[in-house]
Every structure is written in C-alpha cells, then in structure tokens.
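In what follows, every chain begins at residue 1, and chains take the letters A, B, ... in the order their sequences are listed.
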Amino acid sequence: MREQLRELVRQALECCYADNSLTPGEIPPYVVEVPSQDGHGDFASNVAMTLARSQKRSPRAVAQALVANLPQGTGILHRVEIAGPGFINFFLQDAAWQVTLSEIEIQGADYGKSNAGEGKKVQVEFVSANPTGPLHIGHGRGAAIGDTLCRLLAATGWDVTREFYYNDAGAQIANLALSVQARCLGIQADDPRWPANGYQGEYIRDVARAYLAGETVEADDRQVTAARDTDDLDAIREFSVASLRREQDQDLTAFDVRFDVYSLESELYSSGRVDRAVKRMVEKNHTYEQDNALWLRTTDFGDDKDRVMRKADGSYTYFVPDVAYHLDKWERGFVRVVNEQGADHHSTVTRVRAGLQALDAGVPLGWPEYVLHQMVTVMRGGEEVKISKRAGSYVTLRDLIDEVGRDATRFFFVMRRPDSQLVFDIDLAKQQTLDNPVYYVQYAHARIKSIFANAAEKGFTPPRFRDAAVARLETPEELALIRLLAAFPETVAGAAAFFEPHRITGYLQELAGLFHGFYNKNRVITEDAALTGARLFLLACVATTLKNGVGMLGISAPESM
RNA sequence: GCGCCCGUAGCUCAGCUGGAUAGAGCAACGGCCUUCUAAGCCGUAGGUCAUAGGUUCGAGUCCUAUCGGGCGUACCA
C-alpha cells in the first residue's frame, strides 16, 4: 500500500515536470509514511517540502501542483489534503484496505516475506564461543539475535548460511586440557600443582570423570572416545573440546538454534590459509618489518595506528587468522557476511576490514558487516544477579532457559536494540500475566484460537475472503488492526535491512495490543452472521500475522494457554 | 589520554535512517467490572529528549564541545 502511494507521488511529479507546473528536475528523495498523529490521514508524504528549495516556491504551492496532477481513478484514494508546513496527507477508501486481508489469506504462512535478497548468498556468523565452558548470558543474547537475523534475512529473500567459528587449539584450549588433566589426577584448585589460570568450574570435574570412564561424546561437528590416559594431553584436549562442544550444542538445541557450518581456527593454519593471506599482504606492500615484528599498515585503511601481524616469536596476532578466515568467506561466494558478536570485540572490526583491503581481493569497503550487542544485566527480585565466571558459578544460558523457558528467553533477548544494554528481568519473564510481553503476544494468538473454538460450537467457522463481508469491518479498532496488518511486510523488511530484531517484538506487542483492545470493546460472535463472519475472518488474519511474526523470532504460537 | 556504543517520563524502553502536538508498558492516582479466557477494562497525571553551541523551512534524530555510564584501547583471543 505504501509502495503504491510512493508510485502515485512519482507519477504526479512526472506529470508536473511534463506540463511545467513545476520546473523539471530530479526526483528528490521523499518518504511516504504512516503519520504519528491521528487525523493526518492514513499516509503522508514530505515530497513537497523536499522540493520547495530547488523549486524556489513554498512547500504548499509545490504540494498544490502535485495534488492537481495525482492520477485519478485508482480506486484507493478517498481524499487528499495539504496540511501543516506542506505535507500531503492521503485518506484511503475503506475498501482499499480489503486488499490487505485478501493478501494475508492468499499468502498465509508466507505473509510478511519479501524478496530484497533475490536469492543471493549471505552468511551469518554468530555465537562462535570457544569450547572452554558453558554458554553464558552474553552468548544467549548473541544466539537469539543471530538466529533471528537469519530468519529475517531468509524471510526477505536471502540464501542464508549459519556459521559457528571457534578455536580448538590456542592457549585457552591448552589451559582447558591442563585443567581437566589436573582434575583427572585429583588435584584441587587450591593445590600448588593446580595450573595457573586453570578453569575451576564444576563442569571441568564432569569432563574429567567422563574421560576417566572412557565415555564417547558426540557433538554436532565431532565425535571422540576418551583414551582414559591421564598423561596424554592431546587426547585429553580432544576429549575436552568435544565434551564442551556437545554441552554447547545441547544448550543451543534447547534454544532452537542450529548451524550449517562449523569453522575451526586451527584449520586456517593447517590448510595454509593464514600463511597465504600474510604472503599476499606482503606482496601488496601493505606491511613492513620493525622491531623484529611484521606490521600491517592498517592506517592506510582508517585505523588510528598500525598493528602487529607477526610477533617477534614468529606467531601471529589474533586478527591475522581472522583476516584469513574472512578471505575464505569471501572466496566461498558470500556477497554479504554478517558477524554477530559481543561489543567487547569491536576493536576487531577495523582490523579485519583493513586486512581484507590490504589483500586487494576485490572485497568491498564495509565488508563484512557487524552487529555488536551490548551487555546483559540479569535482575531477580529487584536485584542484579552477579555473574562471576572465575568462581565457576554464574548464570548460564541453560539456567535461564530452564527457569523462564525458551520462548520468553528468546523474546527478551531480542526485545531491545542490540546497541543498547539490556536488563533481563527474570521475574517479569516468568510471569503468567499480561504484564509479561511474551505472554501478552502469545496469549493474543491463543485467545483468537479460543474464540474460534467457541465459534465452532455455535456453528461458525472463519469464512474465506470471498465469502466474508469485510465491508462490515468499520469500527476504529477494526480499521486500526487492518492498517497494522498491512504494515507487517515492511516492518519485516526494515528489521532485516537494519539488523534490528526488536522491531518485530515491538510490532507484535502493538498488534497484540490492538487485538486485545478490539476484543475488549467488540463482541465477535453475535446474532449478526455476516458481521460474525467478517470478524472471524479478520481474526484469522491477525492470527496468521502473529504466528508468522513470532515464527521469525523462533517463538511458538500456542493454540491455547 | 584515544576509539566505539549509550544517555528520552519515577523504572524498562520505542521513536520507522531530518518532519506535524515526542510515544508504549510498568509503577502512581481516579473510576468501572464480574459478560467469547482467567485481577481484567477505561481514564488522569507525568518531559528543558544529559548540557551548551551549530547546520536548515524544520533536530530526540545530523555536526562540534562538555558531563555521565558501559566496552575496548597488550607483540592477549
């Protein structure tokens, strides 16, 4: 609907240029939007104000010319007015909205989808936790945002690959192996023989026990049987990594998050990709030697100082394999790559992009894209739940899922802009009342289903569009609902384009709110069969949209609650 | 010190990439209800958009500076 109006405005503008009622020129950037204020029409455009300057005429005069040239007989416009400083307000015929309801029926589970991606390949890397412990709250937010982004991108026509990257070989993993080995040998954390900076969590004991018992563990991307030999550090490492990867997989599965591809940092080295990338940067003259180290001139690409690539001891700094990894992503054909990470990794953004430019491989500026989420604070009983990884006791993702449920956890994690810090109120998330936004949204869906069940007992079923007297839908609540239903596809498109899942939770809360308001004010099942049918049809459209919306968040739409 | 993010109602947050009188939920206050889903519904009040400048027809939104919070800022990942 919005697009149709944009098109009408464009046609009017070209007519004005053609008959010289406006001085011919460019088509300026302009918007057609839903006004925030009731009484300003169904849609409004600022086009006249953006043209006023170049036309050297007042915005209202420009608007006059445009309105005079609006195409006639489209059957959707009721009236048009010029208001305020020069807005053009469009009032649509009620019948124009009926198209929306027809569309929802036709598209069903696909309503809300669009095709901006045109089937092009996008990769989303998220979570990417190293296998040194259970997933914590921060990973949970990343998992929820990343997975939702994948669903949104898929819904807007992208061919999405979900990828998980981790390190199974570095210093932290060696530390993990030593910690498990110590537990195997019965060494306690307060023992002088305990490894420096060893992992003290209870889960380390579990891994050690399983290793000694000769268990076999199977993760999504690897399977290992314990060698039971406490001297074989390599075997302990392999087993520990597999064990913790399996733990993470179980948590992610409980969260309904899955990956298509797992990538290992160690493979970047063993395959020679790291060396190849370094060699190429050297050949392209973006590096220099100084103080026994190899430096990348990242200042050529917007960094505030150059960065060391290869240390005096011959090993690479952390961003080098990251550059090699992203070159690999590029060579795999992803025209877009999105990295979802905690904001504490933001320093890598400039370096990885600089490294890719230094490779001169045709990678566009600003590739890859990043979504960095801020910290999560967990509140219970009005107090902050302290997270202490060192002590080995902290709120894990699994704890949260077990306590408040998958749906509520996911909803809360994506409810805020990734950019802003998030307060996770456990008490609110658990509440079975309408104060809880998840409950509020899901209950709207369940309530509609309940009404359908009630209607069925009285012999009513929701009709097909062609049999529904949709013209009978004329109360303010009904019209507001239809208008909001019509805005769902563009809301999804915006959320996907700007990587902002919270637009979906906001939309769903608003839609649920309008529905509950409608419900409280109007009876659905009445003696008036035609009106009852029309309302049942409307509610079927609301239910479809709610279900599609929560589906994009990976959340269920219960039939009853 | 430098970089990135944030600062909007008492609290938690929106504000659709510069538009009209800045919104929602909770809490507060006032009323109604016992009717398809259940303590629910309606209404009222609440603001110098951190501060000060700037850009322009128009700024919560863009620019500069300052203040406050978070995260980075190692030849750690």
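Of the candidates G19(B), C71(B), U35(B), C71(B) carries the atom nearest the His346(A) side chain, counting heavy atoms from C-beta on. Which of A77(B), A20(B), U37(B) sits closest to the side chain of Ser560(A) comes down to U37(B). Of all nucleotides listed (U37(B), G3(B), C75(B)), C75(B) comes nearest to the side chain of Thr317(A). Checking C71(B), C36(B), A20(B) against every side-chain atom of Asn454(A), the shortest atom distance belongs to C36(B).
Among the atoms of the strands shown, none is found under 4.0 Å from any heavy atom of Ala52(A). Using a 4.0 Å heavy-atom cutoff across all strands shown, Ala487(A) reaches no nucleic acid atom at all. Note on Met309(A): nothing from the nucleic acid sits closer than 4.0 angstrom, heavy atoms only. Using a 4.0 Å heavy-atom criterion, one finds that Asn89(A) contacts the bases of the nucleic acid, with or without backbone contacts as well. No contact: Glu510(A) has no heavy atom under 4.0 Å from any strand. Nucleic acid contact for Asn522(A): base, since at least one base atom lies under 4.0 Å from a heavy atom of the residue. At the heavy-atom level, Ala44(A) lies under 4.0 Å from base atoms of the strands shown. At the heavy-atom level, Tyr443(A) lies under 4.0 Å from base atoms of the strands shown. Residue-level contact check: Asn167(A) touches the backbone only, with heavy atoms under 4.0 Å from sugar-phosphate atoms and none from bases.
Nucleotides G10(B) and C4(B) place their P atoms 31 Å apart, quoted to the nearest Å. Atom name C1', nucleotides A27(B) and A45(B): the rounded distance is 13 Å, in whole Å.
Considering only residues two or more places apart in sequence or on other chains, Asn454(A) meets the side chain to side chain donor-acceptor pair (under 3.5 Å) condition with Lys458(A).
As a whole-Å value, the separation of Tyr440(A) OH from A24(B) P is 12 Å. Atom CG of Asp303(A) is separated from atom P of U73(B) by 13 Å (rounded to the nearest Å). Rounded to a whole Å, the CD1 atom of Ile448(A) is 13 Å from the C1' atom of U37(B). Straight-line distance from the NZ atom of Lys305(A) to the P atom of C4(B): 14 Å, rounded to whole Å. Nucleotide A20(B) holds its P atom 17 Å from the CZ atom of Phe43(A), rounded to whole Å. With rounding to whole Å, Arg535(A) atom CZ is found 12 Å from C36(B) atom C1'. Nucleotide C76(B) holds its P atom 16 Å from the CG atom of Asp322(A), rounded to whole Å. If you take CG of Asn46(A) and P of U56(B), they are 19 Å apart, rounded to a whole angstrom.
Classification of Lys311(A) and Asp313(A) as a salt-bridged pair fails, no side-chain N sitting under 4.0 Å from a carboxylate O. Comment: Arg307(A) engages Asp303(A) in a salt bridge, judged by a side-chain N to carboxylate O separation of less than 4.0 angstrom. The existence of a salt bridge linking Arg6(A) and Glu33(A) is excluded, since no basic side-chain nitrogen approaches an acidic carboxylate oxygen closer than 4.0 Å.
Under the 6.0 Å cut-off for aromatic ring centres, Phe424(A) and Phe412(A) qualify, their centroids lying closer than that. Taking the six-membered ring where the residue is Trp, the centroids of Phe301(A) and His286(A) are separated by under 6.0 Å. Taking the six-membered ring where the residue is Trp, the centroids of Phe164(A) and Phe126(A) are separated by 6.0 Å or more.
Exactly one residue among Leu553(A), Ile555(A), Asn548(A) makes a side chain to side chain contact (heavy atoms under 4.5 Å, CB included) with Leu508(A). That residue is Leu553(A).
Within residues 512-520 of chain A, the residues approaching RNA chain B are Tyr519(A), Asn520(A), by heavy-atom distance under 4.0 Å.
The base of G72(B) has none of its N or O atoms less than 3.5 Å from a complementary donor or acceptor on the side chain of His345(A).
Around the CG atom of Asp427(A), the shell of radius 6.0 Å holds more than 12 heavy atoms that belong to other residues, nucleotides or ligands.
The aromatic ring of Phe87(A) does not stack onto the base of G19(B), failing the criterion of a centre distance under 5.5 Å from the six-membered base ring together with planes under 30° apart.
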Mind running side chain to side chain donor-acceptor pair (under 3.5 Å) on Asp435(A) and Tyr440(A) for me, showing each step along the way?
CA-CA 7 Å; Asp435(A) 291 343; Tyr440(A) 190 71; over 6 Å; no
Chi angles and distances behind the side chain to side chain donor-acceptor pair (under 3.5 Å) call for Glu265(A), Asn167(A):
CA-CA 5 Å; Glu265(A) 183 179 336; Asn167(A) 187 356; 3.0 Å; yes
So what does the secondary structure string of RNA chain B come out as, 5' to 3', with Watson-Crick or wobble pairs under 3.5 angstrom, [ ] for crossing and | for pairs with another strand?
(((((((..((((.....[...)))).(((((.......))))).....(((((..]....))))))))))))....
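For the pair Ser347(A) and U73(B), the criterion of a side-chain N or O lying under 4.0 Å from OP1 or OP2 is not met. Contact annotation: Lys311(A) side-chain N/O to C76(B) OP1/OP2 distance is under 4.0 Å.
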Return the polar atom pairs (N/O with N/O) between nucleotides 25-34 of chain B and the protein under 3.5 Å, or none.
none

Which side-chain N or O atoms in residues 531-541 of chain A pair as donor and acceptor under 3.5 Å with protein atoms at least two apart or in another chain?
from, atom 1, to, atom 2, distance (Å)
Thr532(A), OG1, Val524(A), O, 3.4
Thr532(A), OG1, Thr526(A), N, 3.1
Thr532(A), OG1, Thr526(A), O, 3.3
Thr532(A), OG1, Thr526(A), OG1, 3.2
Thr532(A), OG1, Asp528(A), O, 2.8
Arg535(A), NE, Glu478(A), OE2, 2.5
Arg535(A), NH1, Arg523(A), O, 2.7
Arg535(A), NH2, Glu478(A), OE2, 3.0

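Residues Tyr325(A) and Glu163(A) have side chains that bring a donor and an acceptor to within less than 3.5 angstrom of each other.
Geometrically, Arg447(A) engages Tyr519(A) in a cation-pi contact, judged by NZ or CZ lying under 6.0 Å from the ring centre and within 45° of the ring axis.
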Strictly under 4.0 angstrom, non-hydrogen atoms only: write out the protein contact profile of nucleotides 5-17 of chain B, one letter per nucleotide from the 5' end, B, S or -.
SS-----SSSSBB
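Looking at Asp42(A), its side chain never comes within 3.5 Å of a backbone N or O of Phe91(A) through a donor-acceptor pair. Judged by distance alone, with hydrogens and angles left aside, the side-chain atoms of Glu477(A) form no donor-acceptor pair with the main-chain N or O of His516(A) at under 3.5 Å.
Nearest-nucleotide assignment on RNA chain B puts the 5′-proximal partner with Ser450(A), out of Ser450(A) and Ala343(A).
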